[in-house]
Amino acid sequence: ESGLANVLEAKEGFCYGFEWPSTAEPEHPYQAPNVWPPEEALPLLGPRWREDLMGFFNATVAISLAAVEALAEALGGRGLELPGLCDGGDTISQ
């Protein structure tokens with residue numbers, strides 16, 4: 001976040017991403033199953049809230065992969081490795 005040190009910014013955040021199995025061993029602290037709001041929140045959020053968010057997330061991943069593939073094609077032989085860097089995009093850089 002790019003907030004100013006002398007300004008209080010009160011806000012909430014919610015992060016989610018690829019669905020991690022609860023049995024998966026994390027490679028670093030940022031890999032974990034999504035933590036979703038409790039069922040009691042559904043009347044406020046709507047019954048399809050989780051499915052809608054995951055649908056949006058999956059659509060943005062598909063768009064990103066299409067952009068990488070187009071860039072690789074535009075680069076020709078120099079871009080052949082780009083799509084492979086996105087395989088298993090269920091991790092985050094440290």
query: If you measure from CG on L82 to CD on E73, what distance do you get to the nearest 0.5 Å?
result: 12.5 Å

Common cluster, L44/W49, ILVMFWY with side-chain heavy-atom separation under 4.5 Å: no

message: I'd like to check L53 versus W36 (side-chain heavy atoms, cut-off strictly below 4.5 Å). Are they in contact?
response: yes

message: Would you compute the distance between atom CG of N34 and atom CZ of F18 and round it to the nearest 0.5 angstrom?
response: 10.5 Å

task: Enter the distance from N58:CG to E51:CD here, rounded to the nearest 0.5 Å.
output: 11.5 Å

- request: Establish whether V68 and I63 are linked, either directly or via other cluster members, by ILVMFWY side-chain heavy-atom contacts under 4.5 Å.
  value: no

task: Could you tell me the separation between the CZ atom of R48 and the CG atom of L42, rounded to the nearest 0.5 Å?
output: 12.0 Å

message: Under a 4.0 Å threshold between the charged nitrogen and the carboxylate oxygen, would R50 count as salt-bridged to E19?
response: yes

